[in-house]
Amino acid sequence: MNVREHKPLLRSVLASGVVAGLLISQAIAAEPGANKEVTPDASKVFSPPSESSMPTDDFGKAIRMGEQIFIHTKEYAGKYVGNSLNCASCHLDAGRRPNSSPLWAAYVSYPAYRSKNGHVNTLAERMQGCFRYSMNGKAPPLGDPVLVSLEAYAYWLAKGAPVGEPIPGRGYPKLASPALKADYTRGGEVYAQHCALCHGAEGQGQSSNGTTVFPPLWGSQSFNWGAGMHELPNAAGFIKANMPLGLGGTLNDQEAWDVALFMDSHERPQDPRYNGSVAATRAKYHDSPYSMYGQTVNGHVLGSP
């Protein structure tokens, strides 16, 4: 395969895919039949417009700026970002890839009620939450050029997508409960074998010339305790479908659950809704067996100041 054929994979690497990955050379060298990606029926998955069809008028300028913000978030929206992640760290291939919460599916799925904040959210408000939690920053105000550009990019990607009905490839896959309860030790073994090469033994990722290539999975530069990726089903579904980068579907469900628990059992920035008590914050916002916030791991209460 040539480089042109691997443009989506290269873009995923440069756009910082989250959770585990292999060196690009390994992915390209893999046998054609080895890449068993977890994707919906290709005949039913919406295909966003090609980048070459992006308009060149003034609206096209806003779309292009939205794409750049999405891929290089700290560079173009730095005042709203508190870590080293980009939007494309969790929404792969610049928000195009199905089963990695693609931006085109988000556009046609809002407004929608969200139990997280107990009311109907617009797409702009949903994006504000991403900045607050996943980017560990602060929400751009409504009408801010950052949000307007991101909405313009989402609108363009969703051109022709069905509205008001379930859309294949939206969000992350929902995995069945694991046969065995997710386990930290097993997850650490999966991480060492499949993830550490790109994200580092300590989960701090890799960067090149100040640009994040493989994002940190925990620690001060990762997503905070309020982000959706800290919830085990989200992390496990994302990992199963997309990781190692370019080889999605090669981990079995048990491995995906185990490594998700391992990743989410490390400390990260505080939930911005923290009210002074880890126990009270867990009771109000994290009362779920799928959240490690407030749980004790290796003698440490996660989320403790």
Participant: Output yes when a side-chain donor or acceptor of Arg97 lies under 3.5 Å from a complementary backbone atom of Gly169, and no otherwise.
Facilitator: no

Participant: Gln221 side chain to Pro215 main-chain N or O, any donor-acceptor pair under 3.5 Å?
Facilitator: no

Participant: Is it true that Ser291 and His230 share a donor-acceptor pair across their side chains at a distance under 3.5 Å?
Facilitator: yes

Participant: Answer yes or no: is there a side-chain heavy-atom contact under 4.5 Å between Met127 and Glu151?
Facilitator: yes

Participant: What closest approach, in Å, do Cys87 and Thr73 show between heavy atoms, and which atom pair accounts for it?
Facilitator: N-OG1, 2.8 Å

Participant: Do you see a donor-acceptor pair shorter than 3.5 Å between the side chains of Tyr80 and Asp144?
Facilitator: yes

Participant: What pair of heavy atoms forms the shortest contact from Trp156 to Pro55, and how long is it?
Facilitator: NE1-CD, 3.6 Å

Participant: Looking only at atom types and distance, does a side-chain atom of Asp258 sit under 3.5 Å from a main-chain N or O of Asp183, one as donor and one as acceptor?
Facilitator: yes

Participant: What do you reckon, is NZ of Lys79 surrounded by more than 12 foreign heavy atoms closer than 6.0 Å?
Facilitator: no

Participant: Would Arg282 count as a cation-pi partner of Tyr293, with NZ or CZ less than 6.0 Å from the six-membered ring centre and within 45° of the ring normal?
Facilitator: no

Participant: Is there a side chain to side chain contact (heavy atoms under 4.5 Å, CB included) between Phe262 and Trp218 once you walk through the steps?
Facilitator: CA-CA 10 Å; Phe262 177 79; Trp218 59 82; 3.8 Å; yes

Participant: Without swapping roles, check the side chain of His199 against the backbone of Ala196 for a donor-acceptor pair under 3.5 Å.
Facilitator: no

Participant: Please answer whether the main-chain N or O of Gly118 pairs with a side-chain N or O of Ser115 as donor and acceptor at a distance below 3.5 Å.
Facilitator: no

Participant: Please say yes or no: joined through hydrophobic side-chain contacts below 4.5 Å, possibly via intermediate residues, are Val120 and Leu142 part of one cluster?
Facilitator: no

Participant: In sequence, state the C-alpha distance, the side-chain angles, and the governing distance for Phe46 and Arg170, and then conclude on side chain to side chain contact (heavy atoms under 4.5 Å, CB included).
Facilitator: CA-CA 10 Å; Phe46 170 75; Arg170 176 190 175 189; over 6 Å; no

Participant: Can you establish whether the number of heavy atoms outside Tyr155 located under 6.0 Å from its atom OH is more than 12?
Facilitator: no

Participant: Going by heavy atoms in the side chains, are Met135 and Phe223 under 4.5 Å from each other?
Facilitator: no

Participant: Run the ring-centre check on Phe238 versus Trp257 and record whether the distance is less than 6.0 Å.
Facilitator: no

Participant: Would you say Glu202 has more than 12 foreign heavy atoms packed within less than 6.0 Å of its CD?
Facilitator: no

Participant: Hydrophobic clustering (ILVMFWY, side-chain heavy atoms < 4.5 Å, transitive) - are Leu103 and Met54 grouped together?
Facilitator: yes

Participant: Under a 3.5 Å distance rule, please check whether Thr212 uses its side chain to pair with a backbone N or O of Ser207 as donor and acceptor.
Facilitator: no

Participant: Would you say that Tyr184 contacts Leu261 through its side chain, given a criterion of any heavy-atom pair below 4.5 Å between the two side chains?
Facilitator: yes

Participant: Is any side-chain heavy atom of Asp264 closer than 4.5 Å to a side-chain heavy atom of Leu232?
Facilitator: yes

Participant: Which atom pair, heavy atoms only, marks the closest approach of Ser134 to Leu85?
Facilitator: O-CD1, 3.5 Å

Participant: Does Asn252 offer a backbone N or O that forms a donor-acceptor pair with the side chain of Glu255 under 3.5 Å?
Facilitator: yes

Participant: Do Tyr113 and Leu123 share a hydrophobic cluster (ILVMFWY, side-chain heavy atoms under 4.5 Å, transitive)?
Facilitator: no

Participant: Taking the side chain as C-beta and beyond, is there a heavy-atom pair between Asn121 and Arg114 under 4.5 Å?
Facilitator: yes

Participant: Is there side-chain contact between Met229 and Tyr172, with heavy atoms separated by less than 4.5 Å?
Facilitator: yes

Participant: Under the ring-ring contact (aromatic ring centres under 6.0 Å, His included) rule, what do Trp104 and Phe70 come out as? Steps first, then yes or no, please.
Facilitator: CA-CA 13 Å; Trp104 44 262; Phe70 200 85; over 10 Å; no

Participant: Can you see which heavy atom on Gln254 is nearest to which on Lys181, and at what distance?
Facilitator: NE2-O, 4.2 Å

Participant: Is the OH atom of Tyr110 crowded by more than 12 outside heavy atoms at less than 6.0 Å?
Facilitator: yes

Participant: Set out, in order, the CA-CA distance, both residues' side-chain angles and the distance that settles side chain to side chain contact (heavy atoms under 4.5 Å, CB included) for Leu217 and Gln204, then state yes or no.
Facilitator: CA-CA 6 Å; Leu217 306 182; Gln204 300 309 295; over 6 Å; no

Participant: When hydrophobic residues are tied together by side-chain contacts of less than 4.5 Å, even through go-betweens, does Val148 share a cluster with Met65?
Facilitator: no

Participant: So, the side chain of Lys240 versus the backbone of Leu251: is there a donor-acceptor pair under 3.5 Å, distance only?
Facilitator: yes

Participant: Show every ring pair (Phe, Tyr, Trp, His ring centres under 6.0 Å) that has at least one partner inside residues 118-146, sequence neighbours left out.
Facilitator: none

Participant: Look at the side chain of Glu267 and the backbone N and O of Gly303, then say whether any donor-acceptor pair between them is shorter than 3.5 Å.
Facilitator: yes

Participant: Provide the closest heavy-atom pair for Tyr274 versus Val278 in the form atom of the first, atom of the second, distance.
Facilitator: CE1-N, 3.7 Å

Participant: Is the NZ or CZ atom of Arg268 both under 6.0 Å from the centre of the six-membered ring of Trp225 and within 45° of that ring's axis?
Facilitator: yes

Participant: Could you point out which residue of Asn234, Val259, Leu175 forms a side-chain contact (heavy atoms from CB on, under 4.5 Å) with Ile239?
Facilitator: Val259

Participant: Find out whether Leu180 and Arg186 are in side-chain contact, i.e. whether some heavy atom of one side chain is under 4.5 Å from a heavy atom of the other.
Facilitator: yes

Participant: How far apart are the closest heavy atoms of Ile69 and Ser149, and which atoms are they?
Facilitator: CD1-CB, 3.9 Å

Participant: Can you tell if the side chain of Gln295 reaches within under 4.5 Å of the side chain of Val301, non-hydrogen atoms only?
Facilitator: no

Participant: For the backbone of Ser222 and the side chain of Asn83, can you confirm whether one donor and one acceptor N or O come within less than 3.5 Å of each other?
Facilitator: yes

